[in-house]
Novice: 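Mind looking over this structure? Questions follow.
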Amino acid sequence: MAPELMERRKKERSNELPELKNTEKGVVMRMAPYPSGPLHIGNARMAILNDEYVKRYGGKLYLVYDDTIGSSEKIPDMEAYNLIADGLKWLGVDYHGVFYKSDRLEIFYEWAERLIKIGGAYVCECSAEELRKNREKGIECKHRQQSIEENLEKWRKMLNGEYGEGEAILRIKTDMKHPNPAFRDRVLSRISKREHPRVGDRYHVWPLLEFSWAVDDHLLGITHVLRGKDLVMEDMMEECLWKLFGIDGPEFIHYGMLRVKEAKLSKSKSGKEVRSGMFSGWDDPRTWSLQSLKRRGIKPEAIRSFILSFGLSQSDIEVPAENLYAENRKLIDADTHRRMFVPDPVKIVIKNMPDIGDVELANHPKEALGKRKITVKNEIYIAGEDFEKFRGKEIRLKDLFNIILDKEAGFTSISNKEIPRIQWVSEPIDVEVVMVDGTIKKGYGERSILDFKPDDMVQFERFGFVRIDSVEERRVRVYFAHP
RNA sequence: GCUCCCGUAGUGUAGCGGCCAAUCAUGCCGGCCUUUCGAGCCGGCGACUCGGGUUCAAAUCCCGACGGGAGCACCA
C-alpha cells in the first residue's frame, strides 16, 4: 500500500480519548462521589469520562456512593444522594448499578480481619501527632511488633466500642522507611462516633478510601479506574493490598487536576453557605453545582464538550468558564430569541418624535424566528450605563431612529447611521436578573418577555443570554447564563 | 524537606522520531454581513521552557536544569 495513505490516516484520527488497554474481558467502571453536596463542574469530568469510556466499549458503570463517615469538615449529607443522582441524569450519564459504602461495613470488617491474620496490618494506639512524627522520621512504634493474636484482640475491642475516637486505628504494614513518606504504614480503618445519615450510629469503625476500594474494586469486578492525579498514592496502596491478599484489581488511569477559574468554591464551603442561608440553595450560581448550571441555562451537552476538550491529559489546568460559555452559545444561539432589556433604567422623553406607530422587530437577526410588535411612545427607557456614557451625544436607538441623548432627547433622523446603537424599552415590565455572583440586577424589559415560559432561553441584546426562571403578571425573573 | 506527576500560542488541546515553516477550539485584532459590544463568514496575531546527548533526522527518545501541580489527614 502507498505509504502516503497510511500516513494520512494517522493524521485524521484525532481529538478522541485514547483507547483503554486490556479491554478483552469487558469494561466495568465506577464513579465514587462523596455525598456532601451535589456534583459540581469539576466532578463532571469524572462522570463524563467514565460515561464516555463505558459507552464506547459497551461496558458497565456503577455509581458507588463513597459515603464513609468522612471527617469533621467533610460529612455526608442525606440530601446529597439525590442531588448527585439528579445531576448525573441531567448530564446524560447512565449507570448500571448503585452501591453504598455505608452498606458494606461488614465486608470491610471481614477483610480487615483477614489482613490482620496474615500479618499485614496492626492496631496502633499512637496519637495522631505521634503517628505523624514517626512517619516523618521513619520510626516504627511499639504496636508494630504486636503478635497477630494481640492485634486481633485489639481489633475486636475496636469493633466492640471499647476505644474512643482517635484511641486506636488499623494500619497497614508497609515499610516505615519507605522513600515516599506518604506511603509509610497508612491508616486503613479508624473509629468515629459520629452519626451517619444513612446508617445512624450502627457502626463506629470506618474504613479509609484506599482500604475500602482495595476490597470493593476487587469485589465489584472493576476493570478500569479513572481518577484524578491526587489519588495516585491510593493506587499504590490498593495494589499493595491486593498483593497481600493475593487477588487482582483494575487498572488505574489518571487525569490532571482541573480548575474552572471562576469556580473557586469547594463543595464543603458552598455547603456552609447553603445551610447558613447566604446562598439561595444548592442551585445558587455561586456553588457552580450542576443544578446551578442547569438553572442558568447551560446545556448538559455544552458541559460534555467542554470536559471532553481537555482529553485525558495529566497536566493540571485552569480553564476560564468562557470556554464553557462558547460551547453553550454554539448550542443555543440559533434558536434563542432576542429581546431588549435595560438595567438601571433611565427614562428619556423624545421631542419632535415622528409618529411611527408600532414597530415590528425580528426575533433573531438571521434565523426565521418570527417577529414581535412594539408600541413606541415618546417616553422610553435606556440603560443607566448607556445614558451616562452617551449623554449629549447622538446615538441610535436600535431599530428605531437617531437622537441626541438626554433626559429630553431630540430626534435627529430616522436613517441608519454609523453611531453607537443602544437597546431601549418602550412598554416596560420589571425584569430581575440573577447574576453569576448571586447579585440581582434590576431593570426593565420589553412587554413580550411575558410570553416566555420557564426554561426558555433569551438573549438580552448587548447584555447576554439568560434563562427564564419565573414569569408573573408584570414581572419576570431570569438567571444570567453568559455573555 | 521527601515522593510522584506534568511542561506545545493568552487559555486549553492535537501531534509522540521524518509529512510540523506544528492541529483544533477559545481569546485577541481587522474586514464582511450593512441596526447587538451577540452569532455567522473571511483574514490576521500567537507556541514546541532551557541546556546537553542519541540519530542521517527530535516537539516527539535519554540525561540534567528550571518552572508548575499533587501527595506526605485517624478527608475523599
Side-chain angles (χ1 to χ4, degrees), chain A residues 3-4 7-8 10-11 13-16 32-36 66-76 101 124 126-128 131-132 135-136 138 165-171 178-184 186-192 205-206 208-210 212-213 227-236 254 256-259 261 267-268 305-306 308-311 313-320 322-327 329-330 332-334 336 338 340 361-362 364-367 396-402 416-423 459-465 482-483:
Chain A
E4 314 91 71
E7 306 295 1
R8 184 165 308 153
K10 193 167 146 193
K11 210 154 204 180
R13 110 181 119 74
S14 66
N15 289 30
E16 266 191 15
Y34 187 82
S36 60
D66 213 352
D67 61 341
T68 55
I69 197 70
S71 65
S72 53
E73 309 96 73
K74 192 175 227 165
I75 47 175
K101 271 283 167 62
C124 178
C126 293
S127 69
L131 188 150
R132 209 200 53 212
R135 181 134 61 202
E136 229 168 71
E165 277 187 33
E167 288 176 10
I169 48 172
L170 185 70
R171 298 177 73 180
H178 195 281
N180 185 346
F183 202 71
R184 295 171 186 163
R186 281 177 77 84
V187 179
L188 299 178
S189 286
R190 80 318 192 162
I191 295 165
S192 172
V205 175
W206 290 85
L208 258 29
L209 180 145
E210 40 270 72
S212 70
W213 276 113
R227 54 169 49 151
K229 230 172 57 173
D230 51 329
L231 296 179
V232 282
M233 200 200 30
E234 280 70 8
D235 299 2
M236 296 195 286
H254 295 98
M257 307 309 288
L258 160 69
R259 273 191 320 199
K261 206 171 171 193
K267 219 163 26 170
S268 49
S305 339
F306 173 67
L308 258 17
S309 76
F310 311 134
S313 81
Q314 288 224 45
S315 27
D316 307 307
I317 52 177
E318 183 173 69
V319 207
E322 179 57 43
N323 288 32
L324 172 63
Y325 301 157
E327 297 294 342
R329 228 176 263 135
K330 280 184 213 161
I332 64 173
D333 180 67
T336 298
R338 271 54 175 169
M340 307 272 212
L361 300 188
H364 194 286
K366 284 280 179 293
E367 309 293 329
R396 181 170 181 83
L397 298 173
K398 185 172 177 288
D399 300 314
L400 272 189
F401 46 66
N402 312 314
N416 190 26
K417 276 190 188 176
E418 282 303 318
I419 50 177
R421 286 183 273 263
I422 64 170
Q423 80 277 26
Q459 190 205 42
F460 288 163
E461 296 201 29
R462 301 213 307 136
F463 183 78
F465 288 87
H482 48 75

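All values below were derived from every heavy atom in this structure, side-chain atoms included, with hydrogens, water molecules and symmetry-related copies excluded. Letters go in sequence order (proteins before strands), and every chain restarts at 1.
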Novice: Assign A:Gly70 to base, sugar-phosphate, or nothing according to its heavy-atom contacts below 4.0 angstrom with the strands shown.
Specialist: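 The answer is sugar-phosphate, as A:Gly70 gets under 4.0 Å only of primed atoms, P, OP1 or OP2.
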Novice: Measuring from the side chain of A:Arg190 (C-beta onward, heavy atoms only), which nucleotide among B:C33, B:A76, B:U36 has the closest atom?
Specialist: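 My answer, after comparing the listed nucleotides, is B:A76.
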Novice: Establish, with yes or no, whether the OP1 or OP2 oxygen of B:A76 is under 4.0 angstrom from a side-chain nitrogen or oxygen of A:Thr68.
Specialist: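 Answer yes for this pair, as a side-chain N or O of A:Thr68 is under 4.0 Å from OP1 or OP2.
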Novice: One pair to check against side-chain hydrogen bond (donor to acceptor under 3.5 Å, both in side chains): A:His254 and A:Asp235. What are the steps and the verdict?
Specialist: CA-CA 10 Å; A:His254 295 98; A:Asp235 299 2; 2.8 Å; yes
Novice: Figure out the CE/P separation between A:Met233 and B:G71, and round it to whole Å.
Specialist: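 Answer to the nearest Å: 9 Å.
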Novice: For the P atoms, the ones on B:G10 and on B:G27, what distance do you get once it is rounded to whole angstrom?
Specialist: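 Taking atom P in both B:G10 and B:G27, they lie 16 Å apart.
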Novice: To the nearest 0.5 Å, what is the distance between OG on A:Ser127 and CZ on A:Arg132?
Specialist: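 With rounding to 0.5 Å, OG (A:Ser127) is 9.5 Å from CZ (A:Arg132).
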Novice: Tell whether A:Gln459 reaches the base of B:A39 with its side chain through a donor-acceptor pair below 3.5 angstrom.
Specialist: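 Such a pair does not exist between side chain and base.
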Novice: Nearest whole Å is fine: how far is B:G71 C1' from A:Asp235 CG?
Specialist: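 The distance from CG of A:Asp235 to C1' of B:G71 comes to 12 Å, rounded to the nearest Å.
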Novice: Any salt bridge between A:Glu322 and A:Arg329, counting N to O under 4.0 Å?
Specialist: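 Salt bridge: yes.
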Novice: Take A:Ile317 and A:Glu322, find for each the nucleotide of RNA chain B with the closest heavy atom, and name the residue whose nucleotide sits nearer the 5' end.
Specialist: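 The 5'-side residue here is A:Ile317.
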Novice: Parallel, tilted or perpendicular: which one describes the rings of A:Phe460 and A:Phe463, with boundaries at 30° and 60°?
Specialist: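 Aromatic pair A:Phe460/A:Phe463 classed tilted.
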Novice: Using atom P of each nucleotide, how far apart are B:U49 and B:U13 to the nearest Å?
Specialist: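 Result for the P pair: 13 Å, nearest Å.
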Novice: Starting at CE of A:Met340, measure out to NZ of A:Lys398 and round the result to the nearest 0.5 Å.
Specialist: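 If I round to the nearest 0.5 Å, the distance is 5.5 Å.
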Novice: Think A:Arg329 has a side-chain N or O under 4.0 angstrom from the OP1 or OP2 of B:A39?
Specialist: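 Yes, A:Arg329 has a side-chain N/O under 4.0 Å of OP1/OP2 on B:A39.
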Novice: Reading nucleotides 1-7 of chain B from the 5' end, what letters show protein touch, with B for base, S for backbone sugar-phosphate only, - for no heavy atom under 4.0 Å?
Specialist: -BS-BS-
Novice: Do the side chain of A:Arg421 and the base of B:U36 come within less than 3.5 angstrom through a donor-acceptor pair of N or O atoms?
Specialist: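 Counting by modelled atom types and ignoring angles, no donor-acceptor contact under 3.5 Å is found here.
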Novice: If you check every side-chain atom of A:Arg132, which of B:A76, B:A73, B:U36 has the closest atom?
Specialist: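 So the nucleotide nearest the side chain must be B:A73.
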Novice: With rounding to whole Å, what would you report as the distance between B:G68 and B:A73 at their C1' atoms?
Specialist: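 Between the two C1' atoms, the distance is 24 Å.
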Novice: What is the separation between atom CG on A:Leu397 and atom P on B:U35, rounded to the nearest whole Å?
Specialist: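 From A:Leu397 CG to B:U35 P: 15 Å.
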Novice: B:C56 pairs with which nucleotide, Watson-Crick or G-U wobble, both distances below 3.5 Å?
Specialist: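 Paired with B:C56, as far as the under-3.5 Å criterion goes, is B:G18.
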Novice: Check whether any side-chain N or O of A:Arg259 sits under 4.0 Å from OP1 or OP2 of B:A70, and answer yes or no.
Specialist: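 No, no such contact exists.
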Novice: OH of A:Tyr34 versus P of B:A73: gap in Å, rounded?
Specialist: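 Interatomic distance, OH of A:Tyr34 to P of B:A73: 19 Å.
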Novice: In Å, rounded to the nearest 0.5 Å, how long is the span from CG of A:Leu400 to CD of A:Gln423?
Specialist: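 Going from CG on A:Leu400 over to CD on A:Gln423, the span is 12.0 Å.
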Novice: Base, sugar-phosphate alone, or nothing: which one does A:Pro365 contact when heavy atoms must sit under 4.0 Å apart?
Specialist: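 Base, at least one base atom sits under 4.0 Å.
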Novice: Are any of A:Arg227's side-chain N or O atoms less than 4.0 Å away from OP1 or OP2 of B:A70?
Specialist: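 Result: no.
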Novice: Taking the P atom in each of B:C50 and B:C41, what is the distance between them to the nearest angstrom?
Specialist: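 Looking at atom P only, B:C50 and B:C41 are 35 Å apart.
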Novice: Using atom CD of A:Glu367 as one end and atom P of B:G38 as the other, report the distance to the nearest whole Å.
Specialist: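 In whole Å, B:G38 P lies 17 Å from A:Glu367 CD.
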Novice: So how far is it from A:Asp333 CG to A:Lys366 NZ, rounded to the nearest 0.5 Å?
Specialist: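 If I round to the nearest 0.5 Å, the distance is 10.5 Å.
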Novice: So A:Phe465, base contact, sugar-phosphate only, or nothing? Heavy-atom distance under 4.0 Å.
Specialist: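 Sugar-phosphate only.
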Novice: Could you check whether the rings of A:Tyr325 and A:His482 sit parallel, tilted or perpendicular, using 30° and 60° as the cut-offs?
Specialist: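 The arrangement is parallel - the two ring planes meet at less than 30°.
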Novice: Could you please name the partner base of B:G64, counting Watson-Crick and G-U wobble pairs only when both distances are under 3.5 Å?
Specialist: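 By the stated definition (distances under 3.5 Å), B:C50 pairs with B:G64.
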Novice: Mind checking A:Lys261 for me? I need base, sugar-phosphate or nothing, with any heavy atom below 4.0 Å counting as a touch.
Specialist: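 Nothing: the residue A:Lys261, judged by heavy atoms under 4.0 Å, touches no strand.
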Novice: Could you tell me how far B:A47 sits from B:U23 if I compare only their P atoms? Round to whole Å.
Specialist: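 The answer is 12 Å between these two P atoms.
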Novice: On a whole-Å scale, what distance lies between the P atoms belonging to B:G67 and B:A59?
Specialist: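 Going atom to atom, P in each nucleotide, I get 24 Å.
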Novice: Under 4.0 Å between any heavy atoms, over every strand shown, what does A:Asp66 touch: base, sugar-phosphate, or nothing? Just pick one.
Specialist: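 Sugar-phosphate only.
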Novice: For B:C19 versus B:C5, give the span between their C1' atoms, rounded off to a whole number of Å.
Specialist: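 B:C19 and B:C5 have their C1' atoms separated by 32 Å.
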Novice: Taking the minimum atom-to-atom distance to the side chain of A:Ala128, which one of B:C74, B:U13, B:U26 wins?
Specialist: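 The listed nucleotide nearest to A:Ala128's side chain is B:C74.
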Novice: For the side chain of A:Ser313, starting at C-beta, report the closest nucleotide among B:G38, B:G12, B:U13.
Specialist: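 Of B:G38, B:G12, B:U13, B:U13 is nearest to the side chain of A:Ser313.
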Novice: When the distance from CG of A:Asp230 to P of B:G71 is rounded to whole Å, what number comes out?
Specialist: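 It is 6 Å, rounded to the nearest whole Å.
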Novice: So, A:Arg184 and A:His178: side-chain donor and acceptor under 3.5 Å apart, yes or no?
Specialist: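 No donor-acceptor contact under 3.5 Å links the two side chains.
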Novice: Does any nucleotide pair with B:A70 by Watson-Crick or G-U wobble geometry, both distances under 3.5 Å, and what is it?
Specialist: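 Check on B:A70: paired to B:U3, both distances under 3.5 Å.
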Novice: Which comes earlier along RNA chain B counting from the 5' end, the contact point of A:Ile422 or that of A:Asn323, where each point is its nearest nucleotide?
Specialist: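 It is A:Asn323 whose nearest nucleotide is closer to the 5' end.
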Novice: Check whether A:Trp206 forms a cation-pi arrangement with A:Lys101 (NZ or CZ under 6.0 Å from the six-membered ring centre, at most 45° off the ring normal).
Specialist: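 Pair A:Lys101/A:Trp206 does not count as cation-pi.
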Novice: Please give, in whole Å, the distance from B:U26 C1' to A:Phe306 CZ?
Specialist: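 After rounding, the gap between these two atoms is 11 Å.
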Novice: Please pick, from B:U35, B:G69, B:A39, the nucleotide with the shortest atom-to-atom distance to any side-chain atom of A:Asp399.
Specialist: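 Closest of the options to the side chain of A:Asp399: B:U35.
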Novice: Hunt down the Watson-Crick or G-U wobble partner of B:G30, both distances under 3.5 Å, from any strand shown, or write none.
Specialist: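 In the structure as shown, B:G30 has B:C42 as its Watson-Crick or wobble partner.
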Novice: Tell me what A:Arg171 touches on the nucleic acid: a base, only sugar-phosphate, or nothing, going by heavy atoms under 4.0 Å.
Specialist: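 Here A:Arg171 touches no strand at all.
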Novice: Using the side-chain heavy atoms of A:Glu318, tell me which of these nucleotides is nearest: B:C75, B:G12, B:U35.
Specialist: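 Taking heavy atoms from C-beta onward, the closest nucleotide is B:G12.
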Novice: Tell me: CE of A:Met257 to C1' of B:G12, nearest whole Å?
Specialist: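 The distance from CE of A:Met257 to C1' of B:G12 comes to 17 Å, rounded to the nearest Å.
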Novice: Should the pair A:Lys261-A:Glu318 be classified as a salt bridge under the 4.0 Å nitrogen-to-oxygen rule?
Specialist: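 Looking at A:Lys261 and A:Glu318, the cut-off is not met.
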Novice: Taking the C1' atom of each, how far is B:A22 from B:G17, in whole Å?
Specialist: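 The same atom, C1', in both gives a distance of 15 Å.
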